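Reading through the structure tokens given below for one structure.
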Amino acid sequence: MKYALNLADDGRILSVTYAKYAFADAVLVDDFPDGNVADYRYVNGEYVYDPIPASEDEKVPTDAERIADLEEALAMLLSGVTE
Amino acid sequence: MRYIVNSGGYVQEVSFGADILCDGSYCTEYTGKVPSGYDDLVDWFIKEGDKLYRWKIVEGHLTLDSNVPIKSEPGAVFAPAGYGLGDVEPRTSITTTEQLDACRTCGFYRYAIKSSYICGVGFDFGSLLVYPIYTGGCVQELRPSNSNSCVRRYWSNNKWSEWELVGLVMKYLWENVSPTSNFAAQTIPLDLSKYQAVLVLSVRSTADLKVSGVTWVGVGAIPGYLMGTTNQYAVTRREVSATTTGVTFSGFYSANTTNGASNEIPVVIYGINGISW
């Protein structure tokens, strides 16, 4: 089975699909890393483990945080304050 | 059986019981021999009907010109009566006498069309299938080589209707084989020049692979969104747009903030054609 890599300019793996869906000139490989492929770059035919540091921006809000945000917004609306 | 040949003497069309409008070509009742290796002319047609261009009429007899190479003609197989109307998958050949008889009642024939422009859709090469429908009359269906659309017209009261584009065609174009991986903003290169829209299936997150979003985006139209919800108030989304050269995804958003790559993961892209309104 062959796979096609969609790579960023620095070789970061953006996504992987089957070779049969590959566009022309796609990078075809026999295998790809387990786990989060976005943690790898494909450089000179090899996978380099290079995870992107997690940032606060990438954190997915929890339901409790979303509800708190909504409650705050609702309180602002009820008080007549708008942004 | 009647036939039409081109100027080189090669068979263009054959007919069993159907009236062929010759339109300046030669339409002739075949009185020659059954070619060697075939039970009868119908058997010959079933086996060679997609390769008529290799057969010449020489001194009144069907003669194979083996110097003519076989062309690739995907999906061009004979259709039994009333079977699979509107689908786009290759059809099975006639396998029973009953199926064959059903077709004979209305006549059937086929030929290759090199270049046509029908219903606003251009076809480079295709096959014409003719078969009866259960409710009476006949339907004639053009199967283009790209298999992206089909057009159909109906026979009733001794005349054909106008061609109409029928069916909504979905073709599987791309699959994410690592949906548990973060999906950063990116463009999936695809040739969408023959599609009107794409349909994108997405899962909620890299940790929840149940399909949660189905998003339709027109090719060249304004962007749409892969949508997800954590409750009835909170929505996460990822912008998606399509051009003739691919599908572009943003990172995913929560509220007004770009939050990264781990939610609203696209898993499948279909190409859509045959949309009408």
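Note that the structure is a prediction, hence the values are computed from the model and not measured. Each chain gets a letter, A, B and so on, in the order the sequences are listed, and its residues count up from 1.
When every heavy atom of A/Gly35 is checked against every heavy atom of B/Ser178, the shortest pair comes out as O-OG, 3.9 Å.
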Table please: side-chain donor-acceptor pairs of residues 15-24 of chain A below 3.5 Å, with sequence neighbours left out.
unit_1  : atom_1 : unit_2   : atom_2 : d
A/Ser15 : OG     : B/Gln186 : OE1    : 2.6
A/Thr17 : OG1    : B/Glu175 : N      : 3.3
A/Thr17 : OG1    : B/Glu175 : O      : 2.6

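Interface residue B/Thr187: only backbone heavy atoms are found under 4.5 Å from chain A. The contact between B/Leu173 and chain A is made entirely by backbone atoms, counting heavy-atom distances below 4.5 Å.
Counting heavy-atom pairs closer than 4.5 Å to chain A, the top-ranked of the candidates B/Trp174, B/Tyr172, B/Phe183 is B/Trp174.
Judged purely by atom type and a 3.5 angstrom limit, A/Asn36 uses its side chain to pair as donor or acceptor with the backbone of B/Asn182.
Side-chain contact between A/Asn6 and B/Ile188: present, with at least one pair of heavy atoms (C-beta onward) separated by less than 4.5 Å.
Within the model, atoms CG of A/Leu14 and OG of B/Ser181 stand 11.0 Å from one another, a figure rounded to the nearest 0.5 Å.
By the 6.0 Å contact criterion, CG on A/Asp34 is open, its count of non-hydrogen atoms from other residues, nucleotides or ligands being 12 or less.
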